[in-house]
Student: 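Before I ask anything, here is the structure I am working with.
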Amino acid sequence: MAAIGNRGAVTEASGFNAEADVEKLREAMKGTGTNEATIIEILAHRTIAQRQRIKEAFKQTVGKDLAEDLSSELSGNFRCVVLGLLMLAPVYDAYELRNAIKGAGTEEACLIDILASRSNAEVKTICSVYKKEHGKDLESDVCGDTSGMFQRVLVSLLSAGRDESDRVDEALAVQDAKEIYEAGEARWGTDEVKFLTVLCVRNRNHLLRVFEEYQKISGKDIEESIKREMSGSLENVFLAIVKCLKNKTGFFAERLFKSMKGLGTTDTVLIRTMVSRAEIDMLDIKAQFQKMYGKSLYSFIKGDTSGDYRKILLELCGGE
């Protein structure tokens, strides 16, 4: 029943009783109108494992699917958050990827956010869940919807073949840094394959050494060079990989900040990040957000959203 991370704002509810929660949820959906406060109170304060128990109990006692029932009662962004909370983590990732690909245009940000930040094991699970839930092959779908070098980077990430050991090969780190430099800053045009080979294959510790070496050789930060050498989705995916390797919570704090700053809100990014990180590392993301932007994530969400959507996100954020 434990939470899926130990730095989440959402933790296991003590004295948990799935049947009692089902009763409250049924009451909240009875008759005309819905009691959203009850739905928030329950779903935003249970772990994913506990919510699965609630779903099973609901099916047993009511003979209906909880997600379907809630879906017909709720609407808009609030509904998106609630439905996301009811899914297992890999199911939610697969669902988000499917939505990002199907229909006209592709939400590249979703492909990047998920594939650049998940472990090999997580990516493999997402691929098998995608196949099971949607009857399609994720890699084929991604290939059908993207092209060029961006597609090749995504395919490499989907192969889930990154070295996940802690071993740093000093000689290779120096060579990797040199080769990236020669593939980018030191020549006319960019040999993107070299970036792919190093950034998508080597382990984290090794790459942190590569970035140090790169700084020495080029006098520039690797992120700065990627911005100079690439553009569009390719630039975004390489930057996401580097940022996740350097500081994953910082990456998500920046995604949240950008989803809310300026005019309008990129709700897809805001919802996906809040739902998928609530139980893993939200406490660290909040601390990082405060450090990077001098304001609390809580106050940002409060100022940028409204209604029940705001209320549930603030609960997932876990207070100031």
Student: Applying salt bridge (Lys or Arg N to Asp or Glu O under 4.0 Å) to Lys227 and Glu224, what does each step give before you reach the verdict?
Tutor: CA-CA 5 Å; Lys227 286 177 191 161; Glu224 202 188 319; over 6 Å; no
Student: How long is the straight-line distance from CE of Met87 back to CG of Asp93, given to the nearest 0.5 Å?
Tutor: 10.5 Å
Student: Give a yes or no answer on whether the side chain of Arg209 reaches the backbone of Val174 with a donor-acceptor pair at less than 3.5 Å.
Tutor: no
Student: Tell me whether Val168 is reachable from Val210 by hopping between hydrophobic residues (I, L, V, M, F, W, Y) whose side-chain heavy atoms are closer than 4.5 Å.
Tutor: no
Student: Counting only N and O atoms by type, is there a donor-acceptor contact under 3.5 Å from the side chain of Thr266 to the main-chain atoms of Thr268?
Tutor: no
Student: Give, for atom NZ of Lys243 and atom OG of Ser117, the distance between the pair rounded to the nearest 0.5 Å.
Tutor: 13.5 Å
Student: Just by distance, with hydrogens left out, do Glu56 and Gln60 show a side-chain donor and acceptor under 3.5 Å apart?
Tutor: no
Student: Is there a side-chain contact between Met282 and Met274, using heavy atoms and a 4.5 Å cut-off?
Tutor: yes
Student: Arg167 versus Asn205: any side-chain heavy-atom pair under 4.5 Å?
Tutor: no
Student: Is the shortest heavy-atom distance from the side chain of Met230 to the side chain of Leu239 under 4.5 Å?
Tutor: no
Student: I'd like to know if the side chain of Gln50 and the backbone of Glu12 have a donor-acceptor N/O pair within less than 3.5 Å.
Tutor: no
Student: Just do the side-chain contact (heavy atoms from CB on, under 4.5 Å) check on Phe238 and Glu229 with the steps written out, would you?
Tutor: CA-CA 11 Å; Phe238 278 137; Glu229 294 292 317; over 6 Å; no
Student: Consider only side-chain heavy atoms of I, L, V, M, F, W and Y, link residues closer than 4.5 Å, and tell whether Tyr309 and Tyr298 are in one cluster.
Tutor: yes
Student: Can Lys24 and Glu27 be said to form a salt bridge (Lys or Arg N to Asp or Glu O under 4.0 Å), step by step?
Tutor: CA-CA 5 Å; Lys24 286 182 194 156; Glu27 277 301 311; over 6 Å; no
Student: At what distance, to the nearest 0.5 angstrom, does CD of Glu108 lie from CG of Leu154?
Tutor: 9.0 Å
Student: Does any donor atom in the side chain of Ser299 or Ser296 lie under 3.5 Å from an acceptor atom in the other side chain?
Tutor: yes
Student: Below 30° counts as parallel, above 60° as perpendicular, anything between as tilted: where do the rings of Phe300 and Phe289 land?
Tutor: perpendicular
Student: Do other residues, nucleotides or ligands put more than 12 heavy atoms under 6.0 Å from the OH atom of Tyr293?
Tutor: yes
Student: Could you check Gln288 against Glu254 for side-chain contact (heavy atoms from CB on, under 4.5 Å), going step by step and ending with a plain yes or no?
Tutor: CA-CA 9 Å; Gln288 195 68 41; Glu254 185 188 354; over 6 Å; no
Student: State whether Arg272 and Glu107 are salt-bridged, where the test is any N-O pair (Lys NZ or Arg NE/NH1/NH2 against Asp/Glu carboxylate O) under 4.0 Å.
Tutor: yes
Student: Grab the two heavy atoms, one from Asn120 and one from Gly161, that are nearest each other, plus how far apart they are.
Tutor: OD1-N, 3.9 Å
Student: Could you go step by step and tell me if Tyr214 and Asp221 meet the side chain to side chain donor-acceptor pair (under 3.5 Å) rule?
Tutor: CA-CA 7 Å; Tyr214 185 85; Asp221 183 84; over 6 Å; no
Student: Taking the side chain as every heavy atom from C-beta outward, state whether Ser225 and Tyr181 have any pair of such atoms under 4.5 Å apart.
Tutor: no
Student: Pairs in or reaching into residues 43-88: which pass ring-ring contact (aromatic ring centres under 6.0 Å, His included), with residues at least two apart or in two chains?
Tutor: none
Student: Would a 4.5 Å heavy-atom cut-off, applied to side chains only, mark Leu245 and Arg204 as touching?
Tutor: yes
Student: In terms of side-chain geometry, is the basic nitrogen of Lys248 or Asp281 positioned less than 4.0 Å from the acidic oxygen of its partner?
Tutor: no
Student: Hey, does Gln215 have a side-chain heavy atom less than 4.5 Å from the side chain of Ile222?
Tutor: no
Student: Report yes or no: do Asp141 and Tyr130 form a side-chain donor-acceptor pair below 3.5 Å?
Tutor: yes
Student: Does the side chain of Thr11 come within less than 4.5 Å of Thr47's, by heavy atoms?
Tutor: no
Student: Would you say Val269 and Phe257 are hydrophobically clustered, going by side-chain heavy atoms of ILVMFWY under 4.5 Å?
Tutor: no
Student: Give the minimum heavy-atom separation between Gly318 and Lys286, together with the two atoms involved.
Tutor: O-NZ, 2.8 Å
Student: Taking NZ, NE, NH1 and NH2 as the nitrogens, is one of them in Arg7 or Asp284 under 4.0 Å from a carboxylate oxygen of the other?
Tutor: yes
Student: If you compare all heavy atoms of Leu86 against all heavy atoms of Ala67, which two are closest, and at what distance to 0.1 Å?
Tutor: CD1-CA, 3.8 Å
Student: On a heavy-atom basis, which atom in Lys246 and which in Leu208 lie closest, and how many Å separate them?
Tutor: CA-CD2, 4.0 Å
Student: Check this for me: Arg98, atom CZ, are more than 12 non-hydrogen atoms of other residues, nucleotides or ligands nearer than 6.0 Å?
Tutor: yes
Student: Transitively linked via ILVMFWY side-chain contacts under 4.5 Å: Leu25 with Leu83?
Tutor: no
Student: Can you tell me how far the NZ atom of Lys131 sits from the OG atom of Ser140, to the nearest 0.5 Å?
Tutor: 7.0 Å
Student: Examine the side chains of Asp69 and Ser71 and answer whether a donor and an acceptor come within less than 3.5 Å of each other.
Tutor: no
Student: What are the two closest heavy atoms between Arg51 and Leu43, and how far apart are they?
Tutor: NE-O, 2.8 Å
Student: Are the side chain of Arg277 and the backbone N or O of Ile285 linked by a donor-acceptor pair below 3.5 Å?
Tutor: no
Student: Do the side chains of Leu88 and Val275 join up, straight or via other hydrophobic residues, at under 4.5 Å, putting them in one cluster?
Tutor: yes
Student: Under 3.5 Å, is there a donor-acceptor pair between the Asp176 and His206 side chains?
Tutor: yes
Student: Could you tell me whether Glu213 and Lys216 have a side-chain N and a carboxylate O separated by less than 4.0 Å?
Tutor: yes
Student: Does the side chain to side chain donor-acceptor pair (under 3.5 Å) test come out yes or no for Ser233 and Asn236, once each step is laid out?
Tutor: CA-CA 5 Å; Ser233 301; Asn236 293 338; 5.2 Å; no
Student: Decide whether Glu73 and Thr34 meet the rule of one side-chain donor and one side-chain acceptor closer than 3.5 Å.
Tutor: yes
Student: So Val237 and Leu157, do their side chains get closer than 4.5 Å, heavy atoms only?
Tutor: yes
Student: Of all the heavy-atom pairs spanning Cys127 and Leu158, show the shortest one and how long it is.
Tutor: SG-CD2, 3.8 Å
